[in-house]
2 protein chains.
Amino acid sequence: MIPHIMSRTPPHPTREQIELPLVLDCLSDPIRLAIVYQLAQQERVSSELCCGDFNGLAGKSNLTYHFAKLRDCGLMQTRVAGTNRFMRLRREDLEARFPGLLDAVLQSAAKDADRLQLVAECDVVEAK
Amino acid sequence: MIPHIMSRTPPHPTREQIELPLVLDCLSDPIRLAIVYQLAQQERVSSELCCGDFNGLAGKSNLTYHFAKLRDCGLMQTRVAGTNRFMRLRREDLEARFPGLLDAVLQSAAKDADRLQLVAECDVVEAK
DNA sequence: TCGATAGTTCAATAAACATTGAACATAGGA
DNA sequence: TCCTATGTTCAATGTTTATTGAACTATCGA
């Protein structure tokens, strides 16, 4: 039987392969910034979210596209479990490569949460 | 006599108009990141550099394009003096809007200076 | 006043990007 | 075993992007 593509974990860059321009470019898109922000908010509750939790941000296939970019640049990790894909922030790797960067971006985003139309923390938790 | 366009200072966004996605997008381009980095290195010597100081990074008209993007997003300020345009980083405004962000990016860039082909500090100073 | 220097503007081009919907693959439950 | 939920793949579309060179404008100094 031929191995099934979809059940395999997609490729991720190693920590050392994470590149600053790619990370910044990823974070510069409002939808991807919202994904990363929501992931960060959720971290206190659980470190993972699945694709469906972001349905409010864009259409399904568009989200797949943005997830791939976030994965390719090293910001997110995807874990496959059954029919779900669980995402988490690669906090430690980011912190090791670019100390303070992710937090500076997240705090900047939090400051402009209204302007950027980001979900408030309570929204995320309640939506569970 | 009709006022001469080129002698006027180009428009800049106010501090409040500076937007996070635009700033990140600006910094995600390797040439623009190099410009900002060089400007930051130079700050200890003088807070300003003129277009010609960046000739190593790209062609003249391409530089004009990147300078415009940096100015439009609020990262740089341009001052016109004779036939020169002097650039400086809008450090205070950036710090007020997004505390810690610029420094986190600059430190990250410094860590990857080789990979990003950024000018070493001594190169900048010696090139004067 | 002329020439050189500094930088801008404009049009053209090729590549990358975000977005959509339709078709598909996979896993789990009735 | 079939139905449903979850998510991916693919092709098509229109937009934005970076880069180039040629023509231009403005300023300074000889």
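Every heavy atom of this structure was used, including side-chain atoms; hydrogens, water molecules and symmetry mates were not. Because the structure is predicted, anything quoted here is derived from the model rather than measured. The chains referred to below are lettered A, B, ... by the order of the sequence lines, with proteins before strands, and numbering in each begins at 1.
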Given atom [atom1] of [X] and atom [atom2] of [N], what is their separation to the nearest angstrom?
X        : N       : atom1 : atom2 : result
Leu70(B) : dA18(D) : CG    : P     : 10 Å
Phe54(B) : dT19(D) : CZ    : P     : 16 Å
Asp72(A) : dC17(C) : CG    : P     : 11 Å
Phe67(B) : dT17(D) : CZ    : C1'   : 18 Å
Ile35(B) : dT19(D) : CD1   : P     : 10 Å
Asp53(B) : dG7(C)  : CG    : C1'   : 13 Å
Asp29(A) : dT19(C) : CG    : C1'   : 11 Å
Arg79(A) : dT6(D)  : CZ    : P     : 17 Å

With a 4.0 Å cut-off on heavy atoms, is Leu63(A) in touch with a base, just the backbone sugar-phosphate, or nothing at all?
nothing
Any base atoms under 4.0 Å from Asn84(A), or only sugar-phosphate, or nothing? Heavy atoms, all strands.
sugar-phosphate
Are the side chain of [X] and the backbone of [Y] linked by a donor-acceptor contact shorter than 3.5 Å?
X         : Y         : value
Gln38(A)  : Asp53(A)  : yes
Arg85(A)  : Thr78(A)  : no
Asp112(B) : Arg115(B) : no

Would you indicate whether Glu16(A), at its atom CD, is surrounded by more than 12 heavy atoms from other residues, nucleotides or ligands within a distance under 6.0 Å?
yes
Compare the minimum distances between each of [options] and the side chain of [X], then state the nucleotide with the smallest one.
X        : options                  : answer
Cys51(B) : dG7(C), dA5(D), dC17(C)  : dG7(C)
Tyr65(B) : dT19(D), dG7(D), dC17(C) : dT19(D)
Lys60(B) : dA6(C), dC17(C), dT17(D) : dA6(C)
Ile31(A) : dG7(C), dC17(C), dT19(C) : dT19(C)

Counting only side-chain nitrogens and oxygens, does [X] get under 4.0 Å of the OP1 or OP2 atom of [N]?
X        : N       : result
Arg32(B) : dA18(D) : yes
Thr83(B) : dT27(D) : no
His66(A) : dT19(C) : yes
Arg85(A) : dT6(D)  : no

For DNA chain C, whose closest nucleotide is more 5', that of Gly82(A) or that of Gly59(A)?
Gly59(A)
Mapping Gly52(B) and Ala58(A) to their closest nucleotides on DNA chain C, which lands nearer the 5' end?
Gly52(B)
Let's test your reading of the model: under 3.5 Å, does the base of dG21(D) pair with the side chain of Ser61(B) as donor and acceptor?
yes
Do Glu19(A) and Pro13(A) come within less than 4.5 Å of each other through their side chains, counting heavy atoms only?
no
Interatomic distance, Leu102(B) atom CG to Gln107(B) atom CD [nearest 0.5 angstrom]:
10.5 Å
